[in-house]
Asker: 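Before we start, here is the structure in question, set down as structure tokens.
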Amino acid sequence: MNRPQYVIAPSILSANFAKLGEEVANVIASGADWIHFDVMDNHYVPNLTIGPLVCEAIRPCTTAPIDVHLMVKPVDRIIPDFVKGGANIITFHPEASHHIDRSLSLIREGGCQAGLVFNPATPLDHMDYVMDKLDVILLMSVNPGFGGQKFIPGTLAKAKQARAKLDAYEQQTGRRIRLEIDGGVNVGNIAEIARAGVDAFVAGSAVYGAGKDSDAHRYDSIIAALRQQLKDI
Ligand code: DX5
Ligand code: ZN
């Protein structure tokens, strides 16, 4: 397998919402790759955040991919709104859709990349019969709902299992599916997570927490520090 191109995806959940456009532009100018966009509905998860209108509002602030993580139930009604709002990648939790195959198709038909998200206690089997419809697998390394939680160490073993499935699929088909992780990622653990086979890293509090107090709200040094850890893997 080729060495992966690592992706750093800051979660705007920890950004300053009063300056969201600037926060999005700055984090990409500081070297990040994707904008991770956490959608919570106070139903599937116990928190309420942002929806398609906000996605549409930040769309002109960057050309970087917007990675929409849906923590809502149901998902099908809202998917086309995010397509219209300019999302590039849309992921959802299998528990939140009665028809996983259909929801994935809806995302792809909208021209976006599609993915499934696995909670810490959710088995990986849900991916088995829909591999051809997946562009990304997102592993939760915290229970979804809040930023700033601690990384659950058992996720490393799960990441290795997911990597093995994705590598087997790549060998059969030549198509690479990304393995993304979300929750508690920081400079201290990103290398170990990468060694478990992850190639895309969501980081909310670690990135936005680091630049918040600087006048310019720049994130160059934290993004560089995360990349430095990935250099020799
Ligand atoms: C949690 C969200 C995460 C969160 C990550 O439900 O899906 O994307 O913002 O935040 P940190 O990196 O602070 O754990
Ligand atoms: Zn997320």
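Remember, it's 1-based here, ligands and their atoms both numbered in the order they're listed.
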Asker: Tell me whether Gln149 contacts the main-chain N or O of Asn143 through its side chain, where contact means a donor paired with an acceptor under 3.5 Å.
Answerer: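 Side chain of Gln149 to backbone of Asn143: a pair is present.
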
Asker: Decide whether an N or O pair under 3.5 Å exists between Gly204 and ligand 1.
Answerer: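 Looking only at distances, the answer is yes, because the N/O contact criterion of under 3.5 Å is met.
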
Asker: Should Ser14 be counted as touching ligand 1, given the test is an N or O pair under 3.5 Å?
Answerer: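 Between Ser14 and ligand 1, no N or O pair is found under 3.5 Å apart.
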
Asker: Distance to 0.1 Å, residue and atom name: give those for the protein heavy atom nearest to atom 10 (O) of ligand 1.
Answerer: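 Looking at atom 10 (O) of ligand 1, the protein heavy atom closest to it is Gly147 CA, 3.6 Å.
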
Asker: Can you find a non-hydrogen atom of Gly148 under 4.0 Å from ligand 1?
Answerer: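 Contact present.
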
Asker: With heavy-atom distances below 4.0 Å as the criterion, list the atoms of ligand 1 near Val202.
Answerer: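 Near Val202, the atoms of ligand 1 are 8 (O).
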
Asker: Quick one: the OD2 of Asp182, the Zn ion (ligand 2), ND1 of His69 angle, rounded to 10°, please.
Answerer: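 Seen from the Zn ion (ligand 2), OD2 and ND1 are separated by roughly 90°.
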
Asker: Ignoring hydrogens and geometry, is there a side-chain-to-backbone donor-acceptor pair from Asn186 to Asn189 under 3.5 Å?
Answerer: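 Here the side-chain-to-backbone pair exists.
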
Asker: Which ligand 1 atoms, with their elements, are less than 4.0 angstrom from a heavy-atom of His69?
Answerer: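 Heavy-atom distances to His69 below 4.0 Å select 7 (O).
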
Asker: Charged N to carboxylate O below 4.0 Å: is that the case for Asp199 and Arg163?
Answerer: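 Yes.
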
Asker: For ligand 1, which atoms have a heavy atom of Asp38 less than 4.0 angstrom away?
Answerer: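 Heavy-atom distances to Asp38 below 4.0 Å select 2 (C), 3 (C), 4 (C), 7 (O), 8 (O), 9 (O).
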
Asker: Within the structure provided, determine whether Ile193 and Phe151 are in side-chain contact (heavy-atom separation under 4.5 Å).
Answerer: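 Touching, per the 4.5 Å side-chain cut-off.
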
Asker: Angle between ring planes, His69 versus His36, binned at 30° and 60°: parallel, tilted or perpendicular?
Answerer: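 Because their plane-to-plane angle lies in the 30° to 60° range, the rings of His69 and His36 count as tilted.
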
Asker: Could you tell me whether the side chain of Asp41 and the main chain of Lys73 form a donor-acceptor pair under 3.5 Å?
Answerer: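 Yes; judged by distance alone, with no hydrogens or angles, the pair exists.
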
Asker: Return the residue, atom name and 0.1 Å-rounded distance of the protein heavy atom closest to atom 13 (O) of ligand 1.
Answerer: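 The closest one turns out to be Ser205 OG, 2.5 Å.
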
Asker: Does Phe151 have a heavy atom less than 4.0 Å from any atom of ligand 1?
Answerer: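 Judged by the 4.0 Å heavy-atom criterion, Phe151 does not count as contacting ligand 1.
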
Asker: Around atom 6 (O) of ligand 1, find the nearest protein heavy atom and jot down its residue, atom name and distance.
Answerer: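 Going atom by atom, the protein heavy atom closest to atom 6 (O) of ligand 1 ends up being Gly145 N, 2.8 Å.
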
Asker: If you measure from the Lys or Arg side-chain nitrogens to the Asp or Glu carboxylate oxygens, is any gap between Asp132 and Arg175 under 4.0 Å?
Answerer: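 Looking at Asp132 and Arg175, the cut-off is not met.
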
Asker: Hey, does Met71 come in under 3.5 Å of ligand 1, counting only N/O atoms on both sides?
Answerer: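 It does not: no N or O of Met71 is found under 3.5 Å from an N or O of ligand 1.
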
Asker: Could you find the nearest protein heavy atom to atom 14 (O) of ligand 1 and give me its residue, atom name and distance?
Answerer: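 Result: Gly184 N, 2.8 Å.
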
Asker: Does any N or O in the side chain of Ser30 come within less than 3.5 Å of the main-chain N or O of Tyr219, such that one atom is a donor and the other an acceptor?
Answerer: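 Such a contact is found between Ser30 side chain and Tyr219 backbone.
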
Asker: Can an N or O of Pro144 be found at a distance shorter than 3.5 Å from an N or O of ligand 1?
Answerer: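 So ligand 1 has no N or O lying under 3.5 Å from an N or O of Pro144.
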
Asker: Enumerate the atoms of ligand 1 whose separation from the nearest heavy atom of Met40 is less than 4.0 angstrom.
Answerer: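 The list of qualifying atoms is 6 (O).
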
Asker: So, does Asn119 use its side chain to make a donor-acceptor pair with the main chain of Ala121 at under 3.5 Å?
Answerer: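 No, the answer is negative, given that no donor and acceptor are paired below the 3.5 Å cut-off.
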
Asker: Please state which protein non-hydrogen atom is closest to atom 1 (C) of ligand 1 and give its distance, to 0.1 Å?
Answerer: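 Minimum-distance protein heavy atom for atom 1 (C) of ligand 1 reads Phe146 O, 3.5 Å.
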
Asker: Which of the N/O/S atoms in Asp38 sits closest to the Zn ion (ligand 2)?
Answerer: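 For Asp38, the N, O or S atom at the smallest distance from the Zn ion (ligand 2) is OD1.
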
Asker: Distance only, no hydrogens: is a donor on one side chain within 3.5 Å (strictly under) of an acceptor on the other, for Ser97 and Ser103?
Answerer: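 Judged by distance alone, the side chains do pair up.
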
Asker: Just jot down the ligand 1 atoms closer than 4.0 angstrom to any heavy atom of His36, in number order.
Answerer: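 Reading through ligand 1 atom by atom, the close ones are 8 (O).
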
Asker: Using a 4.0 Å cut-off to any heavy atom of Ala203, which atoms of ligand 1 qualify?
Answerer: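 What qualifies from ligand 1 is 12 (O).
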
Asker: As an exercise, identify every atom of ligand 1 less than 4.0 angstrom from a heavy atom of Gly183.
Answerer: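 Selected atoms, number and element: 14 (O).
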
Asker: Determine whether a donor-acceptor pair (N or O, by modelled atom type, separation under 3.5 Å) exists between the side chain of Lys158 and the backbone of Thr122.
Answerer: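 The answer is yes, because a donor-acceptor pair under 3.5 Å joins these two groups.
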
Asker: Quick one: does ligand 1 sit under 4.0 Å from the side chain of Ser11, the backbone, both or neither, non-hydrogen atoms only?
Answerer: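 Ser11 to ligand 1: side-chain contact only, backbone stays beyond 4.0 Å.
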
Asker: What's the separation between atom CE in Met40 and atom CE in Met71, rounded to the nearest 0.5 Å?
Answerer: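 Reported to 0.5 Å precision, the distance equals 4.0 Å.
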
Asker: With rounding to the nearest 0.5 Å, note down the distance linking NZ in Lys133 to CG in Asp135.
Answerer: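 Answer rounded to 0.5 Å: 12.0 Å.
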
Asker: Which residue holds the protein heavy atom closest to atom 5 (C) of ligand 1, what is that atom called, and what is the gap in Å?
Answerer: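 Closest protein heavy atom to atom 5 (C) of ligand 1: Asp182 OD1, 3.5 Å.
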
